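Quantities reported herein were computed from a predicted structural model and do not represent experimental measurements.
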Amino acid sequence: MTEMEVWNNKRELGNLSEDERKIFDQLGLNESSRRKFLKGISATSLSVWAATYFPPEVFASAAAALPDNPIKLVNEVKVNLRINESVKSLNLDSRTTLLDALRERLALTGTKKGCDHGQCGACTVLVDGKRKLSCLTLAASCEGKEITTIEGLAENGELHAIQKAFLEHDGFQCGYCTPGQICSSVALLEEAKRGEASYVTDDLREITKDLTLSEEEIRERMSGNICRCGAYNNIVQAFKEVHSSDDEMPTWEFATPEQMENAKSS
């Protein structure tokens, strides 16, 4: 006799313990919910069975029959987004991220979905001139703000200086992270002009505008953009050329024994 058969016998005899009764309730096997449980299992089984007999075209045609713009959306809001100097009016679920609005509703697929958790930087765009992770930004929160994506950096058919430098110095390999890297670099140019501090700024009391960033500063400030191909040296070189007209190739630097000890103790 299986364990389930033993449980069924105990249930029929009314000999279930309190813990066993809770388990039956959670499984939907008590008298009140057993029928609902069996109906759900039957419907699921029928769906799986039907999928093996109907060709994919049947399901594709059914999906195509759905309206492109449903009359009713859950938590619907109307948002006017100013993107790349053009205003787009959208009806969105209030929980829609800026990233999904750009890619799924406006076909601006240059902005990439990487981790979708704000950790890789591939989805970086500019909002009012500052870099934003679009996967963590609600589209509705961008009402009335100026949004610039990778598609909007070029002007009159002329690439942005950062875009040209990335091409010249091979600041990419697979290219997936590149739109986010470029948008972050463009924002970083303005951050340096404004004199914004960073984690590795030596003296916060002596910050001035129009900062000339060191390689260490550039790497720290760009650390939110991950390149799995490892094109970091080329990215730094591309940024330096535009930022300070220094196109000398950076060199890999390894941690000193002292730095390794400090890292262990921190």
Side-chain angles (χ1 to χ4, degrees), residues 79 81-86 88 96-103 106 108-155 159-167 169 171-172 174-201 207 209-229 231-232 234-244:
V79 183
L81 298 178
R82 184 173 177 80
I83 302 173
N84 301 330
E85 300 184 349
S86 177
K88 305 293 184 181
T96 303
T97 63
L98 178 58
L99 174 60
D100 286 338
L102 291 172
R103 291 183 58 84
L106 299 174
L108 293 172
T109 55
T111 305
K112 302 304 181 188
K113 178 176 285 194
C115 65
D116 208 21
H117 286 77
Q119 297 176 346
C120 72
C123 68
T124 303
V125 298
L126 305 181
V127 178
D128 286 343
K130 296 184 178 182
R131 42 184 161 173
K132 284 282 187 181
L133 297 170
S134 59
C135 75
L136 297 184
T137 303
L138 291 176
S141 70
C142 297
E143 177 91 34
K145 298 180 180 179
E146 183 67 46
I147 303 165
T148 305
T149 69
I150 188 68
E151 292 92 345
L153 290 179
E155 293 186 4
L159 292 177
H160 190 283
I162 286 287
Q163 291 175 301
K164 292 179 180 179
F166 265 68
L167 288 171
H169 296 288
F172 53 87
C174 78
Y176 196 84
C177 73
T178 306
Q181 298 276 5
I182 290 177
C183 285
S184 278
S185 298
V186 171
L188 181 51
L189 289 174
E190 298 304 314
E191 291 170 17
K193 290 179 182 178
R194 292 192 296 265
E196 295 184 10
S198 77
Y199 180 76
V200 294
T201 299
I207 295 179
K209 293 185 178 181
D210 297 318
L211 298 174
T212 300
L213 303 179
S214 64
E215 284 187 21
E216 183 183 19
E217 282 271 14
I218 297 169
R219 291 180 188 277
E220 192 279 329
R221 292 171 186 258
M222 291 289 292
S223 60
N225 291 82
I226 296 173
C227 173
R228 293 184 65 181
C229 299
Y232 297 113
N234 306 65
I235 292 170
V236 173
Q237 184 183 19
F239 180 84
K240 283 172 57 181
E241 179 182 318
V242 179
H243 172 59
S244 59

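Note that CD of Gln163 and CD1 of Ile150 are 5.0 Å apart. Values are rounded to the nearest 0.5 Å. For the atom pair CZ of Arg221 and OG of Ser214, the computed distance is 9.0 Å after rounding to the nearest 0.5 Å. The distance from the CG atom of Asn84 to the CG atom of Leu102 is 8.5 Å, given to the nearest 0.5 Å. The structure places NZ of Lys209 at 10.0 Å from CZ of Arg194, a figure rounded to the nearest 0.5 Å. Note that CD1 of Ile182 is 11.0 Å distant from CG of Leu126, once rounded to the nearest 0.5 Å. Note: Thr212 OG1 to Glu217 CD = 11.0 Å, rounded to the nearest 0.5 Å.
Minimum heavy-atom separation, Cys183 to Leu153: SG-CD1, 4.4 Å. Scanning both residues, His243 and Leu213, for their nearest heavy atoms gives NE2-N, 2.9 Å. The nearest pair of heavy atoms linking Leu81 to Ala139 is CD2-O, 3.5 Å. For Leu211 against Glu196, the heavy-atom pair with the smallest separation is CD1-O, 3.7 Å. Considering all non-hydrogen atoms of both residues, Gly195 and Ile207 come closest at O-CG2, 2.7 Å. Considering all non-hydrogen atoms of both residues, Ser184 and Asn225 come closest at OG-OD1, 2.7 Å.
Counting only distance, with no hydrogens or angles, the side chain of His160 and the backbone of Ile162 share a donor-acceptor pair below 3.5 Å. With Arg103 contributing its side chain and Thr111 its backbone, the two residues share a donor-acceptor pair below 3.5 Å. Formation of a donor-acceptor pair under 3.5 Å by the Tyr176 side chain with backbone atoms of Lys113 is found in this model. Put simply, the side chain of Thr201 gets close to the backbone of Ser198: a donor and an acceptor are under 3.5 Å apart. The backbone N or O of Lys145 sits nowhere less than 3.5 Å from a side-chain atom of Asp128 that would complete a donor-acceptor pair. Counting only distance, with no hydrogens or angles, the side chain of Glu151 and the backbone of Gly110 share a donor-acceptor pair below 3.5 Å. Side-chain atoms of Thr97 do not come within 3.5 Å of backbone N or O of Cys135 as any donor-acceptor pair.
With respect to Arg219 and Glu216, no salt bridge is recorded, no charged nitrogen being found less than 4.0 Å from a carboxylate O.
Other residues, nucleotides and ligands place no more than 12 heavy atoms under 6.0 Å from the CZ atom of Arg228. Other residues, nucleotides and ligands contribute more than 12 heavy atoms inside 6.0 Å of the NZ atom of Lys164. Atom NZ of Lys132 is surrounded by 12 or fewer heavy atoms from other residues, nucleotides or ligands within 6.0 Å.
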